[in-house]
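The block underneath contains the structure these notes are about, expressed in structure tokens.
Nothing here was measured: the structure is a model prediction, and the numbers come from that model. Residue numbers begin at 1 in each chain, while the letters A, B, ... track the order of the sequences. These values consider heavy atoms only, across backbone and side chains, with no hydrogens, waters or symmetry-generated copies.
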There are 2 protein chains.
Amino acid sequence: MQTPPATTEETPAPADVCAAPPRRHPRPEGQDRYTISEVVAFTGLTAHTLRWYERIGLMSHIDRSHTGQRRYCNRDLDWLDFVGKLRLTGMPVADMVRYAELVREGEGTYAARRALLESTRRDVLTRIAELNDTLQVLDRKISFYTGAGSA
Amino acid sequence: MQTPPATTEETPAPADVCAAPPRRHPRPEGQDRYTISEVVAFTGLTAHTLRWYERIGLMSHIDRSHTGQRRYCNRDLDWLDFVGKLRLTGMPVADMVRYAELVREGEGTYAARRALLESTRRDVLTRIAELNDTLQVLDRKISFYTGAGSA
DNA sequence: TAGAACCCTTGAGTGCACTCCAAGCAAGCG
DNA sequence: CGCTTGCTTGGAGTGCACTCAAGGGTTCTA
């Protein structure tokens, strides 16, 4: 068995260096059309939120069934995974939408996308440093309380 | 010179294991009464936010001048530093208020305080792990764009 | 004794990221 | 056929953490 031809990256890239790796909510193999409630199960987002993401342009228009219901594909799920990561960084939704627009604009925006991600990367490093700092404070206080409790 | 008698911890503790260490906004030495705008300069919070913190019980009542203006002391600044750390962890303000209440209730709440901080500590570790994960994704994408740009 | 700068209060307003509602369509089942 | 379940829409509502406005008092410098 081999990785399916799923492109998963922002632009139909030739050799996709960037394929989506481990996923937390395993998708069924060989499927490429999911209802909104399946996506809810995979991502933990609500159906409301998924529709809202689409409305504000954080997702490109989702394919529809003959009756007008949304049918998400694996690439959509990959994108949602990535958006989830960005969300963890604290990036505002408006910035994510900006990134999504760059993706839709095509390969000409590679430099801009990289700049955006590098700036995000810096934010993440800062945040990690802050959290490590906070951890030290917490540890100091916890050991204070522990000592005071057993003294 | 010796550390001043500032207690800085939640309860007038005997030997304070928990003294506040490095501060980012250096305070003048030997002072213990600050106007709200000085505190704004030290903490980066707005005066609105400082008053709001007091209203919701995130800070105990601040000392006042004879004309009713707030005069913050070093211990208040230490508390604000700590609150800033908690804020970085993403802890909701309501939970911080809960912690502040425990502090006001006295030494009998040491165990509860420790439990709260330990739970926060776990959250912080989780968050750091998530951010490291995100960092990997960002690095993968950045190097993809870098390669595509120079290819 | 001006005038500017600073501070006070209560209560309302803002921005973000969802979250829900109402009304209605479509498919599957006994 | 009727019932249930799942999906659709636009627009309104929610909760959080501030943020500001209005109207007034105080403190500092000249």
Below 4.0 angstrom from OP1 or OP2 of dC8(C), is there any side-chain N or O of Arg70(B)?
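Yes, within the criterion.
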
For dT9(C), does OP1 or OP2 lie under 4.0 Å from any side-chain N or O of Arg64(B)?
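Looking at the OP1 and OP2 atoms of dT9(C), one of them is under 4.0 Å from a side-chain N or O of Arg64(B).
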
Thr89(B): which residues meet the side-chain hydrogen bond (donor to acceptor under 3.5 Å, both in side chains) condition with it, sequence neighbours left out?
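With sequence neighbours excluded, Thr89(B) shows a side-chain hydrogen bond (donor to acceptor under 3.5 Å, both in side chains) to no residue whatsoever.
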
With sequence neighbours excluded, residues passing side-chain hydrogen bond (donor to acceptor under 3.5 Å, both in side chains) with Arg33(B):
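Expected list: Asp63(B).
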
All N/O donor-acceptor pairs, side-chain side in residues 55-62 of chain A, below 3.5 Å, sequence neighbours left out:
from     : atom 1 : to       : atom 2 : distance (Å)
His61(A) : ND1    : Glu54(A) : OE2    : 3.4

As a quick check of understanding, evaluate side chain to side chain contact (heavy atoms under 4.5 Å, CB included) for Leu80(B) and Leu50(B), giving each step before the final call.
CA-CA 9 Å; Leu80(B) 283 171; Leu50(B) 286 169; 3.6 Å; yes

Report the relative orientation of the aromatic rings in Tyr99(A) and Trp79(A); use parallel for angles under 30°, tilted for 30 to 60°, perpendicular for over 60°.
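Ring orientation of Tyr99(A) relative to Trp79(A): parallel.
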
Using whole Å, what does the distance between atom [atom2] of nucleotide [N] and atom [atom1] of [X] come to?
X	N	atom1	atom2	value
Ile62(B)	dT9(C)	CD1	P	12 Å
Leu50(A)	dC20(C)	CG	P	14 Å
Ile36(A)	dC25(C)	CD1	P	20 Å
Arg51(B)	dC6(C)	CZ	P	13 Å
Arg33(B)	dC7(C)	CZ	P	14 Å

Side-chain heavy-atom pair Val103(A), Thr109(A) within 4.5 angstrom cut-off:
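No, their side chains stay 4.5 Å or more apart.
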
Pairs satisfying side chain to side chain donor-acceptor pair (under 3.5 Å), at least one member in residues 115-129 of chain A, at least two apart:
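For residues 115-129 of chain A: Arg121(A)-Asp139(B).
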
Heavy-atom protein contacts under 4.0 Å, nucleotides 14-28 of chain D, coded B base, S sugar-phosphate only, - none
---SBBB-----SS-

Heavy-atom closest contact (Glu130(A) atom, Leu88(B) atom, distance):
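Looking at all heavy atoms of both residues, the shortest contact is OE1-CD2, 3.5 Å.
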
Any protein N or O atoms within reach of nucleotides 1-5 of chain C? Criterion: under 3.5 Å, listing atom names and distances.
none

